[in-house]
**Q** 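What follows is a single structure, and I will ask about it in a moment.
Since this is a predicted model, take the numbers as computed values, not measurements. In the text below, chain A, chain B and the rest are named by the order of the sequence lines, each starting its count at 1. Values reported hereafter were calculated over all heavy atoms of this structure, with side chains retained and with hydrogens, waters and symmetry mates removed.
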Amino acid sequence: MIHRMKKKINVFPVYNPANIENKWQKKWQSANRSGLGSASKIYKSTEDPNKEKFYVLDMFPYPSGEGLHVGHPKGYIATDIVSRFERMNGKSVLHPMGFDAFGLPAENYALKTKAHPEIGVKKNVARYKKQLEILGFDYDWSREINTTDPEYYRWTQWIFVQLFKKGLAYQSFEPINWCPSCKTGLANEDLEEGRCERCGTPVEKKPMRQWVLRITDYAERLLKDLDAVDNAGLPLIDWPASIKESQRNWIGKSEGSLITFTFSNASHKKNIEVFTTRPDTLFGVTYVVLAPEHALVADLLPVVKNRQEVEAYISQAKLETEIERTDAKKDKTGVELKGVKVINPVNKKEVPVWISDYVLADYGTGAVMAVPAHDDRDWAFAKKFKLPIKEVISPLFVSEYSSDAWRSQEPEVIRPTVVCIIKHWSENKYLFLNKKDLADLGKDVVVGVAGGIDGGEVHEVAGAREILEETGYKNARFVKSLGEPVAYRYYSKNGKQNRLGMLYPLYYELKDGEQVQVSEEEKFLHQTTWLTEKEMDVYLNTRPFNPIFWERFKGTTRPYTGYGILINSEKFDGTSSADAKRPITEYAGGAMKTTYKLRDWVFSRQRYWGEPIPLIHCEKCGVVHVPEKDLPVKLPKVKSYEPTGTGESPLATIDKWVNVKCPKCKGNAKRETNTMPQWAGSSWYYLRYMDPKNKKVLVDSAREKYWSPVDLYVGGAEHATRHLIYARFWHKCLYDIGIVSNIEPFKKLQSVGLIMGEDGRKMGKRYGNVVNPDDIVATYGADTLRLYEMFMGPFEQQIAWNTSSMVGSRRFIEKVWKLREKIDVTEVSIEADLYITKNIHKAIKKVTDDIQVLRFNTAISSLMIAVNEIDKQKSLTRPQYEVILQLLAPFVPHVAEELWMSLGNKKSVHISVWPEYDAKYLVDADMTIIVQVNGKVRGSFIATIDSSNADLEQRAKNLPDTNKWIEGKKIIKVVVVPKRLVNIVVV
RNA sequence: GCCGGGAUGGCGGAAUUGGUAGACGCACACGACUCAAAAUCGUGCGGAGUAAUCCAUGGGAGUUCGAUUCUCCCUCCCGGCACCA
């Protein structure tokens, strides 16, 4: 027995979060005065070379006028837990917070409230900060940043200057997305289904002077580095597959060829260049299509015979919005350029040229070669305008039956074959064969009458011959061919060779039932069978190509867009279409080419509330950048920041600000008046946290090397194709000029699942289902809110808020609080003491493992289990209790600190050393062995950990529960899974 | 259409080299305490059945001694891309 002194009964107050939360929040943030430990504030981040670093980052908020709802802090709670955990594990932690406040929402709010955006931003930031503070986060507020602070945006502008100097920023006059409501140009990333992401207004294409960033120069690196690995061969960026996939989709790489079609009329000097991912289908081109905006169209107009019709179509296309224009479901429209023909470079055949809005001007070359037989869109177009359809690929099928599977060691022979669909002379049924020689396949194999074509035989004659030989029917009338052949790869047992059958489908009708005797040999192989259309499934399922034949027979053919074997392609016939891409491209005199869907980043906004673009337009020198020493170019005060809608920003009206001397020639010049988009400041903010006050450089290189990269980045998945692409792009640019030392900014990315309203809808003012964290904190306390949000379910999963479920978290905290009364109240047996210790060590392991992989719900569950088990005992020791408090500290920092300090500790629990588990406490001496009979659980018994398999088997067989199940049966097998179960198999 | 993720009690969710399905929490029911209620504590809680037992992880097949877990097919839900040649 361990003897412990019985302590005097504690008079300890009941749990009341209001009494402790605010108190500790103040002490933590000014810990130097409160004497909580080290001389500095406990959350102060320092570049300590003796410590491993950990940089954990939240996507900083955009403070709106509405304040936070309970969904917003979910990610912040998670990073706070990780941050506290890593600090307790001895790491130097950087866990900063700041605010992103440039852009349309703040400006629109200012217009609405008729106050300068600066005022609203200040107010909203203060409100957000307060809301964050009452949740007890461990941010180092001395590193706070704000993107609208001139000391911050000085460096945003500095980065722009570097991009400009490298030629990565350029002026464009191309039509761009224009939001008529927000009165500004937008980037592709700012659109949602053709609408302005902010206000939902359909965007227009409007030609306008814009500053554009060459993100497409980085497309390949942005794509490739998603899969980059570090020296140890581990993924360099550990991101959710879905976000990586979204970025891949957005970048949209496709590899293909550029093929030139020359005009057959020698008077046109220019050619049409098309981009295609399917050069293997080049022999199937039956026309060429240009986008209505294509530059060649204007050149061709003088020689086009139907000029008026063409011009009418072009102006019609211009009237459509992007949404109408790119709706894949709408009917195809288009006009032929009459009198113009181009020559297909592979077969020198003339094909017509059309214009149609299904061809996009800004993708590829703005022109496509149409292969209606093998492309859905070309097919629809060709059908509508009655253009020819030429098949050049036979779908390829490979035998799936082992008995005739292709054998790799044998050569392959191409074998033309006919396959017949034969209709009854008077009824609606069709003649097939029930194959006997394939009976080993174990199912009914119904096939069409078919056979190889012997040298030079005409197909329809061969078909009639096969019908006679295999079925005896004499009078089969050939009706029609059912199109081009289908390729089938199999092994011929008779011919002892691999074959590539080219199966020609033919349709016959029997005139009558007149029959001759079928040879004994044929009779042995199969018998005939008649199927109605309804019974067709039997036939359709037996060979993979059957559905294609049947489709063709019924006239419901669709284009075949897959790969296969080339036909009607001259010298390429019989080759695999996938392998023929390069040879055909070369044969056509074309070149392989890679294209991306990613567009350059339209970077200017015709609005007031953004970073001024630091450029100067000089009459003599052209566009020059503001010298770095003169940055920031401060956003001037302006009387009206109402957008003008003219394509100029409101800044253009401030002559005093606009008119400057050229930094190069000192002559008269004007400032650029466009501002940067909302995404600018957030594209690099994670770097500034490393060195927020530096007046000389963006970030000190030693500090950057210490903190980079961000170890854990937590935020919403909706940023996958905006912020996260832009930040990676800027980061790579900064890497190229030596400012940062890693090619990727964010090592591990974790997306936060949204918290929905209690009604299951998105939480927001418009549904009236907003839950305010301030109210929850007032009623339940911040610790309960934190615990509940982490316990709700898997962190990355979207989940509905449920206030009534939250009491469970509060009860748990109170249980822990009351557990304090049981410290050393009585003597404890060795068994009970060990029991408690074991439970604690199990919890240490589970919590430690789970926090690192962000599985907070199961971490909390394991803590609940441990506390429940301990609570069953009469007493526990102070060290045992303290470990529980340490494990709880990241989740419920206030309660943990209050209880920790109440025990007489002098230093904060949050800078105590994270407990370690001892593996010897994780194993139990006994184990429960499950006994199954034929896989069903029939009983169980307790065995010691060192029992042999033979012991377990014997005990299982002797178990009374199992007896009735094995009595009188024969045991044919016993499966023993060590430490788990015994399964007795009987018959 | 293509790609990615998912479906488990009344509810949120646990459980994976395949080995007792429903941990933990909410709700609910009953009991204790109370004049009473709340709070708290205790017990029960997938469905059917008196029971033995049977059924049950979206549906259907398969592999296996054994499947929530692996394979194939299907349905539905969420997210991304989409006339991208």
**Q** Looking at A:Y363, I'd like to know whether one of its side-chain N or O atoms comes within less than 4.0 Å of OP1 or OP2 on B:rA85.
**A**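 For B:rA85, OP1 or OP2 has a side-chain N or O of A:Y363 closer than 4.0 Å.
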
**Q** Is the distance from OP1 or OP2 of B:rA15 to the nearest side-chain N or O of A:R855 less than 4.0 Å?
**A** yes

**Q** Of the options B:rG13, B:rU40, B:rA14, whose atoms approach the side-chain atoms of A:I799 most closely?
**A** B:rG13

**Q** My understanding is that a pair needs two contacts under 3.5 Å, Watson-Crick or G-U wobble. By that rule, which nucleotide pairs with B:rA61?
**A** B:rU71

**Q** Using whole Å, what does the distance between atom C1' of nucleotide B:rG13 and atom OH of A:Y788 come to?
**A** 11 Å

**Q** I need the CZ-P distance between A:R980 and B:rG66, as an integer number of Å.
**A**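 Going from A:R980 (CZ) to B:rG66 (P), I get 19 Å.
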
**Q** Does the B:rG6 base have a donor-acceptor partner in the side chain of A:Q797 within less than 3.5 Å?
**A**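 No such pair is found, so the answer is no.
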
**Q** If you find the nucleotide of RNA chain B closest to A:T276 and the one closest to A:K846, which residue's nucleotide is nearer the 5' end?
**A**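 Final value for this comparison: A:K846.
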
**Q** Could you check how far CD of A:E189 sits from P of B:rC81, rounded to whole Å?
**A** 10 Å

**Q** Output yes when a side-chain donor or acceptor of A:K874 lies under 3.5 Å from a complementary backbone atom of A:K822, and no otherwise.
**A**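 Not confirmed, A:K874 side chain does not pair with A:K822 backbone.
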
**Q** Counting only side-chain heavy atoms from C-beta out, which of B:rG80, B:rC65, B:rA23 sits nearest to A:I865?
**A**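 Within the option list, the nearest is B:rA23.
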
**Q** Look at A:S254 and B:rA85 and indicate whether a side-chain polar atom (N or O) is within less than 4.0 Å of OP1 or OP2.
**A** yes

**Q** I want to verify a distance call: between B:rC81, B:rG13, B:rA27, whose nearest atom is closest to the A:P794 side chain?
**A**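 That would be B:rG13.
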
**Q** Heavy atoms under 4.0 Å, any strand shown: does A:K964 hit a base, just sugar-phosphate, or nothing?
**A** sugar-phosphate

**Q** If you check every side-chain atom of A:D357, which of B:rC83, B:rC81, B:rA85 has the closest atom?
**A**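 From the listed options, B:rC83 comes nearest.
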
**Q** Think A:K383 forms a cation-pi with A:W379, using NZ or CZ under 6.0 Å from the six-ring centre and within 45 degrees of its axis?
**A**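 Because its charged atom sits under 6.0 Å from the ring centre and within 45° of the axis, A:K383 does stack over A:W379.
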
**Q** Describe the nucleic acid contact of A:S940 in one word from base, sugar-phosphate, nothing, applying a heavy-atom distance below 4.0 Å.
**A** nothing

**Q** Which part of the nucleic acid does A:W379 contact within heavy-atom distance under 4.0 Å: base, sugar-phosphate only, or nothing?
**A** nothing

**Q** Rounded off to whole Å, could you give me the CG-to-P distance for the A:N839 and B:rC24 pair?
**A**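 Distance, rounded to whole Å: 12 Å.
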
**Q** Both distances below 3.5 Å, Watson-Crick or wobble geometry, any strand: find the nucleotide opposite B:rA36.
**A**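 Across all strands, not a single nucleotide pairs with B:rA36.
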
**Q** For the pair made of CE in A:M790 and C1' in B:rG13, what is the distance, rounded to whole Å?
**A** 15 Å

**Q** Are A:H374 and A:P559 packed together at the side-chain level, in the sense that at least one heavy-atom pair is separated by less than 4.5 angstrom?
**A** no

**Q** Any strand counts, and the cut-off is 3.5 Å on both contacts for Watson-Crick or G-U wobble. Which nucleotide pairs with B:rA29?
**A**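 Answer to the pairing question: B:rU43, which forms a Watson-Crick or G-U pair with B:rA29.
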
**Q** Look at all strands and tell whether A:E245 reaches a base, only sugar-phosphate, or nothing, counting heavy atoms closer than 4.0 Å.
**A**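 Here A:E245 touches the backbone only, sparing every base.
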
**Q** To the nearest angstrom, how far is A:I251 atom CD1 from B:rC3 atom C1'?
**A**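 Atom CD1 in A:I251 sits about 15 Å away from atom C1' in B:rC3.
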
**Q** Would you say B:rC11 has OP1 or OP2 under 4.0 Å from some side-chain N or O of A:N802?
**A** no

**Q** According to a strict under-4.0 Å criterion, is A:K936 in side-chain N/O contact with OP1 or OP2 of B:rC55?
**A** yes

**Q** Can you identify which nucleotide, out of B:rA23, B:rC54, B:rA85, has its nearest atom closest to the A:S861 side chain?
**A**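 Output: B:rA23.
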
**Q** With both distances under 3.5 angstrom, what nucleotide forms a Watson-Crick or G-U wobble pair with B:rA51?
**A**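 None - no nucleotide pairs with B:rA51, as no candidate has both distances under 3.5 Å.
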
**Q** Is any N or O donor-acceptor pair between the side chain of A:K332 and the base of B:rC83 shorter than 3.5 Å?
**A**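 Flag set: donor-acceptor pair detected.
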
**Q** May I ask you to say what A:V368 touches in the nucleic acid, namely base, sugar-phosphate or nothing, with a heavy-atom cut-off under 4.0 Å?
**A** base

**Q** So for atom CZ, which belongs to A:R582, do other residues, nucleotides or ligands contribute more than 12 heavy atoms lying within a distance under 6.0 Å?
**A**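 No, CZ of A:R582 has 12 or fewer neighbouring heavy atoms, counting only those of other groups under 6.0 Å.
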
**Q** List the steps and the verdict of side chain to side chain donor-acceptor pair (under 3.5 Å) for A:N963 and A:K957.
**A** CA-CA 7 Å; A:N963 235 308; A:K957 284 178 179 166; over 6 Å; no

**Q** Under 3.5 Å, is there any donor-acceptor pair linking the side chain of A:N983 to the base of B:rC65?
**A**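 Such a pair exists between side chain and base.
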
**Q** Closest to the A:N857 side chain: B:rG13, B:rA85, B:rU20?
**A**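 So the side chain of A:N857 is nearest to B:rG13.
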
**Q** Could you state the atom-to-atom distance from CZ of A:F261 to P of B:rA85 in whole Å?
**A**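 Whole-Å distance recorded here is 17 Å.
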
**Q** Can you check whether A:F385 and A:Y287 have ring centres sitting under 6.0 Å from each other?
**A**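 When the ring centroids of A:F385 and A:Y287 are compared, they turn out to be at least 6.0 Å apart.
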
**Q** May I ask which nucleotide in the shown strands pairs with B:rU17, Watson-Crick or G-U wobble, both distances under 3.5 Å?
**A**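 With both distances under 3.5 Å required, B:rU17 matches none.
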
**Q** Go ahead and name the base partner of B:rC76; Watson-Crick or wobble counts if both distances stay under 3.5 Å, otherwise write none.
**A**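 Result: B:rG6.
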
**Q** Any side-chain heavy-atom pair from A:W801 and A:M763 closer than 4.5 angstrom?
**A** yes

**Q** At 4.0 Å (heavy atoms only), tell me whether A:S356 reaches a base, stays on the sugar-phosphate, or touches nothing.
**A** nothing

**Q** Tell me whether the NZ or CZ atom of A:K762 lies within the 45° cone about the ring axis of A:Y767 and under 6.0 Å from its centre.
**A**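 So A:K762 doesn't make the cation-pi contact.
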
**Q** Counting only N and O atoms by type, is there a donor-acceptor contact under 3.5 Å from the side chain of A:Y358 to the main-chain atoms of A:F381?
**A**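 Not at all, since once roles are kept as given, no pair shorter than 3.5 Å links the two residues.
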
**Q** B:rG25, B:rG4, B:rG19: which one has an atom nearest the side-chain heavy atoms of A:F791?
**A**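 The answer is B:rG25, which lies nearest to the side chain.
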
**Q** Could you check whether A:R599 gets within reach of a base, just the sugar-phosphate, or nothing at all, counting any heavy atom under 4.0 Å?
**A** nothing

**Q** Between B:rG25 and A:N868, is there an OP1 or OP2 to side-chain N/O distance shorter than 4.0 Å?
**A**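 Yes.
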
**Q** Of the candidate nucleotides B:rA21, B:rA85, B:rC81, which contains the atom at the shortest distance from the side chain of A:W250?
**A**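 Output: B:rC81.
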
**Q** Map A:E814 and A:M864 onto RNA chain B by nearest heavy atom, then report which one ends up closer to the 5' terminus.
**A**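 Checking each residue's closest nucleotide, the 5'-ward one belongs to A:M864.
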
**Q** Which label fits B:rG62, syn or anti, where anti is any glycosidic angle not within 90° of 0?
**A** anti

**Q** Ignoring backbone atoms, test whether A:R811 places a side-chain nitrogen or oxygen under 4.0 Å from the OP1 or OP2 oxygen of B:rA27.
**A**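 Answer is yes, contact under 4.0 Å.
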
**Q** Expressed as a whole number of angstroms, how long is the span from A:D376:CG to B:rC83:C1'?
**A** 10 Å

**Q** Name the nucleic acid region contacted by A:V359, choosing base, sugar-phosphate or nothing; use a 4.0 angstrom heavy-atom cut-off, strictly under.
**A**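 Base contact - A:V359 has a heavy atom under 4.0 Å of at least one base atom.
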
